[in-house]
Amino acid sequence: INEDSGSIRLLKNLENNGLYSVTLTVKAQDLNAMNNMEQIDTCEVILYIQSYKESGPIFLTEGWNQIEKKIHLKINEEAEIGKPIIELEAKNPETGDPINDFEMEPHDGFGFFRLVEDKIIVQQRVDYESVDKAVFVLEVKAISPTSDSFSTAQLIIEIMNINDNSPIFDKEAYKAAVLENIKPSETILIVKAMDKDAVKNDLDNELGFSKIKYSLSGPSAGFFTINTNGEIQLAKNQSLDRERQAVMKLQVVAED
């Protein structure tokens, strides 16, 4: 390794050495660290050894290697239709020439994705709340036009949930009759709002896109409180007087 540039070069022939992969630990050190402090960081570099006689194309797309042959991709739901989500890259291992011929299975991309030349695009709206699964597994093939050989990659597309739905009340208006001598601990009425953002896994639950907070506004809001269950009650140290005000109007806000 070049201690200044970080470039790694081969020192001797790897032929017939029985290696399939090599893992190196690379250390970077700050030579100008102050106060005699050792400032270093390390990382692992994994080199996969490919047989020279193997003529199948090599994918250059990040994540693929000769052992796992997988490409992981995360996209947000509601991705723009017609927009590429990944550009496939491959080369001939012997000549280094780029490969421009690709195929995809299934050809229809489960109805959501389509291969256009070297790009996979979104061809239909992907709604996290309505799709049957959050992970799609496709197979893409890079084909060498000179040697009739090919290589495959398993493309794993994970659909990520976004906060794209607002809460909606189950009624446009609520009405309730209440005695003027009601106590603060008594429930006057319960409002209910729903958020369509799905909760399909622990991450969705942690993000909390479907969790709702209620609040009250309006001239009479100070007389009442509302809890996380949508229960409206008389506020502490408040009382109602029908002779002074027979009808009280509130606005309830459901907030994501």
Side-chain angles (χ1 to χ4, degrees), residues 7-8 10 14-15 18-24 43-162 164 198 200-204 207:
S7 63
I8 298 174
L10 187 65
L14 294 174
E15 187 176 1
L19 289 175
Y20 293 98
S21 67
V22 177
T23 301
L24 307 173
C43 73
E44 283 192 346
V45 175
I46 303 175
L47 305 176
Y48 296 96
I49 313 302
Q50 181 184 30
S51 171
Y52 179 74
K53 295 180 181 179
E54 187 174 344
S55 58
I58 297 175
F59 276 92
L60 302 178
T61 309
E62 184 178 356
W64 186 90
N65 60 66
Q66 282 284 10
I67 295 180
E68 292 189 351
K69 300 185 178 182
K70 294 181 180 180
I71 301 171
H72 291 263
L73 181 65
K74 293 183 179 181
I75 67 168
N76 288 333
E77 63 168 322
E78 307 294 354
E80 182 180 343
I81 296 176
K83 183 177 181 179
I85 57 174
I86 189 172
E87 181 175 352
L88 300 174
E89 292 183 88
K91 70 175 182 179
N92 185 309
E94 296 180 357
T95 65
D97 295 334
I99 301 295
N100 299 311
D101 192 5
F102 297 94
E103 292 182 359
M104 182 180 75
E105 290 289 343
H107 294 295
D108 66 350
F110 301 103
F112 293 103
F113 309 101
R114 181 159 55 97
L115 176 64
V116 179
E117 296 179 349
D118 60 348
K119 299 177 180 64
I120 294 178
I121 67 171
V122 178
Q123 67 171 353
Q124 179 181 319
R125 180 187 177 217
V126 183
D127 180 28
Y128 186 85
E129 283 69 39
S130 61
V131 293
D132 295 333
K133 52 188 177 182
V135 178
F136 293 88
V137 180
L138 303 168
E139 183 177 270
V140 290
K141 182 186 295 184
I143 304 171
S144 174
T146 56
S147 61
D148 293 327
S149 62
F150 65 88
S151 293
T152 61
Q154 191 178 62
L155 179 60
I156 303 170
I157 304 175
E158 183 177 357
I159 311 302
M160 305 302 294
N161 192 8
I162 64 173
D164 59 338
K200 296 184 177 182
N201 49 48
D202 291 340
L203 178 60
D204 290 340
L207 292 172

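By the 6.0 Å contact criterion, NZ on Lys70 is open, its count of non-hydrogen atoms from other residues, nucleotides or ligands being 12 or less. Counting non-hydrogen atoms of neighbouring residues, nucleotides and ligands closer than 6.0 angstrom, the CD atom of Glu62 reaches no more than 12 such neighbours. More than 12 heavy-atom neighbours from other residues, nucleotides or ligands sit within 6.0 angstrom of NZ on Lys133.
Annotation: side chain of Lys83 is not in contact with side chain of Val122 (no heavy-atom distance under 4.5 Å). The shortest side-chain heavy-atom distance between Ile86 and Leu155 falls under the 4.5 Å cut-off. The side-chain heavy atoms of Leu138 and Ile157, taken from C-beta on, include a pair separated by under 4.5 Å. For the pair Thr152/Val140, no side-chain contact is recorded, criterion being any heavy-atom separation below 4.5 Å from C-beta on. Side-chain atoms of Asp101 and Pro145, non-hydrogen and from C-beta on, never get closer than 4.5 Å to each other. Two residues are said to be in side-chain contact when any heavy atoms from C-beta on lie closer than 4.5 Å; Gln154 and Lys69 fail this criterion.
Of all heavy-atom pairs spanning Ile71 and Ala153, the tightest one is CD1-CB, 4.0 Å. Closest approach of Pro57 to Ile143, counting heavy atoms only: CG-C, 4.3 Å. Contact detail for Gly56 and Ser151: the closest heavy-atom pair is C-OG, 3.4 Å. Residues Arg125 and Ile81 approach most closely at N-CD1, 3.6 Å, considering heavy atoms.
How far OG of Ser144 is from CD1 of Ile58: 11.5 Å, rounded to the nearest 0.5 Å. Here the straight-line distance linking atom CG of Asp118 with atom CD1 of Ile120 works out to 10.0 Å at 0.5 Å rounding. Distance check: Leu47 CG to Leu10 CG gives 9.5 Å after rounding to the nearest 0.5 Å. Rounding to the nearest 0.5 Å places CD1 of Ile75 at 3.5 Å from CD1 of Ile159. If you take CD1 on Ile156 and NE2 on His72, they are separated by 4.0 Å, rounding to the nearest 0.5 Å. Rounding to the nearest 0.5 Å gives a distance of 12.0 Å between CG of Leu88 and CD of Glu103.
With hydrogens and angles ignored, the 3.5 Å screen pairs no side-chain donor or acceptor of Asn76 with any backbone N or O of Ala79. Remark: the backbone N or O of Ile46 is not paired with any side-chain donor or acceptor of Thr23 at under 3.5 angstrom. Remark: the backbone N or O of Arg114 is not paired with any side-chain donor or acceptor of Gln123 at under 3.5 angstrom. Using a distance-only test at 3.5 Å, with no hydrogens or angles considered, a donor-acceptor pair links the side chain of Thr61 to the main chain of Glu89. When atom types are taken as modelled, the side chain of Asn92 and the backbone of Pro98 share no donor-acceptor pair closer than 3.5 angstrom. Listed for the Glu129 side chain is a donor-acceptor partner under 3.5 Å among the backbone atoms of Ala198.
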Between Leu115 and His107, is a side chain to side chain contact (heavy atoms under 4.5 Å, CB included) present by the stated rule, with each step listed? CA-CA 8 Å; Leu115 176 64; His107 294 295; over 6 Å; no
Report the C-alpha separation of Asn161 and Glu77 in whole Å, then their side-chain angles, then the decisive distance to 0.1 Å, and conclude whether the side chain to side chain contact (heavy atoms under 4.5 Å, CB included) test is met. CA-CA 6 Å; Asn161 192 8; Glu77 63 168 322; 2.9 Å; yes
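The aromatic rings of Trp64 and Phe59 sit tilted, their planes meeting at an angle between 30° and 60°.
Geometrically, Lys119 does not engage Phe102 in a cation-pi contact, judged by NZ or CZ lying under 6.0 Å from the ring centre and within 45° of the ring axis.
Using a 4.0 Å cut-off between charged side-chain N and carboxylate O, Lys141 and Glu105 make no salt bridge.
When the side chain to side chain donor-acceptor pair (under 3.5 Å) test is applied to Asp108, no partner is found at least two apart in sequence or on another chain.
Using modelled atom types, one finds no donor on one side chain facing an acceptor on the other under 3.5 Å when comparing Asp164 with Tyr128.
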